[in-house]
Amino acid sequence: MSDHSIFAALRAAFPADLDATAITTADGPGAPLHYTWRDLDRGSAMLANVFASLDLPAGSRVAVQVDKSVEALMLYLAVQRAGLVYLPLNNAYRETEIEYFIGDAEPAVVVCAPQDFTWISRLAFRRGTKNVFTLSADRTGSLLERASWMGDVHAPVARAADDLAAILYTSGTTGRSKGAMLTHGNLLSNARVLHDYWGWRTPEQGGDVLIHALPIFHVHGLFVASHGALLNGSKMIWFARFDPKAVIARLPEATVFMGVPTLYTRMLAEPALTREACARMRLFISGSAPLQVETFDAWRERTGHTILERYGMSETVMLTSNPYRREDGERRRGTVGFALPGVELRVRGEQGQACAAGEIGGIEVKGPNVFAGYWRMPQKTKEEFTADCWFKTGDVGTIDERGYVTIVGRSKDLVISGGYNVYPAEVEGFINELPGVAESAVVGLPHPDFGEGVVAMVVPKLGHTLDGAAIAAALKDRIAAFKVPKRVFVVGELPRNAMGKVQKNLLRAQHQGLFGG
Ligand code: MLC
Ligand code: AMP
């Protein structure tokens, strides 16, 4: 069997000089800290030896909800090195959300922040998880304590292309959250394609330095950004939190930056963002949410750089990208570029018929990057693929004659706020459980900072009085704060069509200018 392990590929790309700096922290406890490539190798080996010492069955899941740190990245590498399955969890998730993920994925190991140990270990042990460790951003916690007793040599476990590497939970338009199963083949093929397509530079070409300012529990920060730099043996300037002023101050040392649109609009609000600050930069990449054409234009005007917008999702990693090289075409604003090499993308009408160039339809994809299915949901998986095995993305768009893909909307009822996905059905479910609530409707409205802002309309039960702010406060205890509506309106009834379906388009139109977006 040839080895398709994502870890092996990343490790093979480490530079010959293992004592060169791989990562410098820009914030967080003790910053600046300098980690060499040898540190990444030894650290991931020691952590992988912790897993080896636990004698875990093949395919065991390691669920991780911790603050961003270089050690958290090493933990990810260690899970891959040990041939286990990584399950990253957004650190905004609350108890109800975590309980579901742990119950569904049945991880053998859970790693959490020390301050969450009491409640997470309680629910993990109840669900049969035997090992719960802690990891803090200040490099304390039981995981590193255990690792410090371990040897720093570990033979990476070989993996086949279709072996599972990670499970990423994505909420659904209806029902429960689904765990998208990504294989080593998915991650590796995508990382290699992006490495080539975005022209990562060899040391002879001057090399690259990535500013990493995204969370590492979703595709964008974990795979696209981290794999990108590691697979090129490139240094990262590591931000645990995005701070526009601090990031701009480090641009002169960097060549590549990746962000969701909110990061770009927040940097544009800083006078320090100038051509001079960006003089050494080679590439700015945006994704995870639509980049407004105003942002694209303002960025070009201010910095002289044309943002490269790309499109992807948890189930598929990256699907399309605007061209990097001039000879491949221009970076066209408002589009997400071409299907990446090896990715097939088509647009289909509601009856499954092919759409002509420029005609709007559902975006369907195929390729080595497309996931292996939803964890323990064969029926759901089947529904999301066409009979001829194309994955239905739930995004709606067009392809023009040249092959540029434009996303015009979503068939899935999804709000993307600051690059985080919020499924209205999930939030409505939580609202409807609150006392005195008859029903609710959640929509996304244009928001100048987050792109879309979550808003709820709530109908009280007969004889009950409700308060919008109190509803938002009650939700904060139950769901991640980014999902909590920024505004809650108490209304007499919801507009419905003849079929009884809530007309969310009317609600959106009615409140369009709420955030001044
Ligand atoms: C934070 N808040 C948000 C929010 N982020 N509200 C709505 N949407 C968001 N995205 C709220 C918090 O709950 C809190 O509310 C308040 O804002 C301040 O929190 P904070 O933590 O200080 O916020 P901040 O650090 O400013 O975070 C904003 C952000 C962050 C834009 C930097 O959201 C972020 O890093 N987004 C990136 C998401 C990402 O990586 N997506 C990739 C998904 S992968 P309160 O009420 O408590 O004050 C994917 C596939 C692909 O989609 O194609 O890439
Ligand atoms: P997630 O499930 O968190 O991976 O989010 C994936 C979704 O984000 C996609 O299905 C798209 O709806 C959206 N998305 C990602 N990149 C872009 C982009 N560049 N433009 C518009 N939407 C995007």
Side-chain angles (χ1 to χ4, degrees), residues 27 67-68 88 90-94 168-173 177-178 180 182 190 194 212-225 239-244 246-247 258-267 285-292 295-296 307-322 333-337 362-363 365 371 384 391-397 405-423 444 447 449-455 469 472-473 475-477 479-487 515:
D27 59 6
D67 288 332
K68 184 177 174 182
N90 190 319
N91 54 12
Y93 292 152
R94 310 300 303 262
L168 269 68
Y169 274 88
T170 72
S171 294
T173 34
S177 240
K178 301 162 290 180
L182 291 165
N190 210 242
L194 295 178
H212 194 305
L214 287 164
I216 54 169
F217 36 67
H218 291 303
V219 159
H220 199 160
L222 184 61
F223 300 143
V224 188
F239 284 86
R241 283 185 53 84
F242 172 71
D243 171 349
V247 167
M258 298 188 195
V260 301
T262 300
L263 272 52
Y264 286 97
T265 50
R266 289 190 184 181
M267 286 201 277
I285 300 172
S286 174
S288 307
L291 181 72
Q292 299 302 315
T295 311
F296 179 98
I307 297 175
L308 179 157
E309 185 172 6
R310 70 11 167 225
Y311 153 61
M313 59 194 302
S314 300
E315 288 92 335
T316 63
V317 213
M318 295 301 100
L319 289 165
T320 74
S321 172
N322 267 281
R333 66 178 207 162
T335 82
V336 291
I363 297 177
V365 295
F371 74 135
E384 302 297 325
F391 174 61
K392 299 186 265 186
T393 62
D395 293 306
V396 173
V405 177
T406 302
I407 297 172
V408 300
R410 303 167 202 131
S411 59
K412 50 195 173 191
D413 190 12
L414 161 70
V415 178
I416 304 185
S417 173
Y420 286 142
N421 288 3
V422 182
Y423 281 87
H447 191 287
D449 186 29
F450 292 124
E452 290 182 290
V454 177
V455 173
L475 288 174
K476 257 195 157 169
D477 293 335
I479 52 174
F482 66 84
K483 298 180 189 170
V484 175
K486 303 285 178 212
R487 284 286 298 277
F515 297 116

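All ligand and atom numbering here is 1-based and tracks the order in the structure.
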Just list the N/O pairs, ligand 1 to protein, that are under 3.5 Å apart, with the distance for each.
from	atom 1	to	atom 2	distance (Å)
ligand 1	6 (N)	K486	NZ	2.8
ligand 1	8 (N)	S417	O	3.4
ligand 1	8 (N)	S417	OG	2.6
ligand 1	10 (N)	S417	O	2.8
ligand 1	22 (O)	R241	NH2	3.3
ligand 1	25 (O)	R241	NH2	3.2
ligand 1	26 (O)	R266	NH1	2.6
ligand 1	36 (N)	G418	O	3.0
ligand 1	41 (N)	G419	O	2.9
ligand 1	46 (O)	K476	NZ	2.6
ligand 1	47 (O)	K476	NZ	2.8
ligand 1	53 (O)	R310	NH1	2.8
ligand 1	53 (O)	G312	O	3.2
ligand 1	54 (O)	S288	OG	2.6
ligand 1	54 (O)	R310	NH1	3.4
ligand 1	54 (O)	R310	NH2	2.8

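For the pair S288 (side chain) and V260 (backbone), a donor-acceptor distance under 3.5 Å is absent. Within the 3.5 Å criterion, the main-chain N or O of L414 finds no donor-acceptor partner in the side chain of N421. Remark: the backbone N or O of L214 is paired with a side-chain donor or acceptor of K68 at under 3.5 angstrom. R94 places a side-chain N or O within 3.5 Å of a backbone atom of K476 that can act as its donor or acceptor partner.
The protein atom (non-hydrogen) at minimum distance from atom 3 (O) of ligand 2 is N421 ND2, 2.9 Å. Protein heavy atom at the shortest distance from atom 9 (C) of ligand 2 is D395 OD2, 3.4 Å. Given atom 6 (C) of ligand 2, the protein heavy atom at minimum distance is M313 CB, 3.4 Å. Looking at atom 19 (N) of ligand 2, its nearest protein heavy atom turns out to be R310 O, 2.7 Å.
Within the 4.0 Å heavy-atom criterion, the part of A289 lying near ligand 2 is the backbone and not the side chain. Only the side chain of I416 comes within 4.0 Å of ligand 2, counting heavy atoms alone; its backbone N, CA, C and O stay farther away. The parts of P290 lying near ligand 2 are both backbone and side chain, judged by heavy-atom distances below 4.0 Å.
Ligand 2 has no atom lying under 4.0 Å from any heavy atom of G394. Not a single heavy atom of H218 lies less than 4.0 angstrom from ligand 2. Under a 4.0 Å heavy-atom criterion, H220 is not in contact with ligand 2. At a 4.0 Å cut-off, not a single heavy atom of V219 sits close enough to ligand 2 to count as contact.
The CG atom of L194 sits 8.5 Å away from the CZ atom of R310 when rounded to the nearest 0.5 Å. Here the CG atom belonging to L291 is positioned 8.0 Å from the OH atom belonging to Y264, to the nearest 0.5 angstrom. Taking CG from D395 and OG1 from T320, the interatomic distance works out to 10.0 Å, rounded to the nearest 0.5 Å.
A distance of 6.0 Å or more separates the ring centres of F482 and F450.
Residue contact check: S288 has heavy atoms under 4.0 Å from atoms 8 (O), 13 (C), 14 (N), 15 (C), 16 (N), 17 (C), 23 (C) of ligand 2. Within ligand 2, the atoms closer than 4.0 Å to a non-hydrogen atom of E309 are 18 (C), 19 (N), 20 (N), numbered from 1 in the order shown.
Counting heavy atoms from C-beta on, the side chains of P261 and T295 never come closer than 4.5 Å.
Taking the six-membered ring for Trp and thresholds of 30 and 60 degrees, H447 and F515 have ring planes inclined between 30 and 60 degrees apart.
In plain terms, the two heavy atoms of A472 and V484 that are nearest each other are O-CG1, 3.6 Å. In this structure, L222 and P88 approach most closely via the heavy-atom pair CD2-CG, 4.3 Å. For Y420 against N90, the heavy-atom pair with the smallest separation is CE2-ND2, 3.5 Å.
Looking at ligand 2, you'll find an N or O of S314 within less than 3.5 Å of one of its N or O atoms. The shortest N/O to N/O separation between K412 and ligand 2 falls below 3.5 Å. On a distance-only criterion, S286 and ligand 2 share no N/O pair closer than 3.5 Å. Here's the thing with E315: none of its N/O atoms is less than 3.5 angstrom from an N/O atom of ligand 2.
Ion pairing between a basic and an acidic side chain is recognised when a charged N comes within 4.0 Å of a carboxylate O; R410 and E452 show such pairing.
Atom 15 (C) of ligand 2 has its nearest heavy-atom neighbour, among G337, G312, G287, S321, in G312.
Each of I285, L308, V405 was evaluated against S321; a single residue qualifies, L308, per the side chain to side chain contact (heavy atoms under 4.5 Å, CB included) test.
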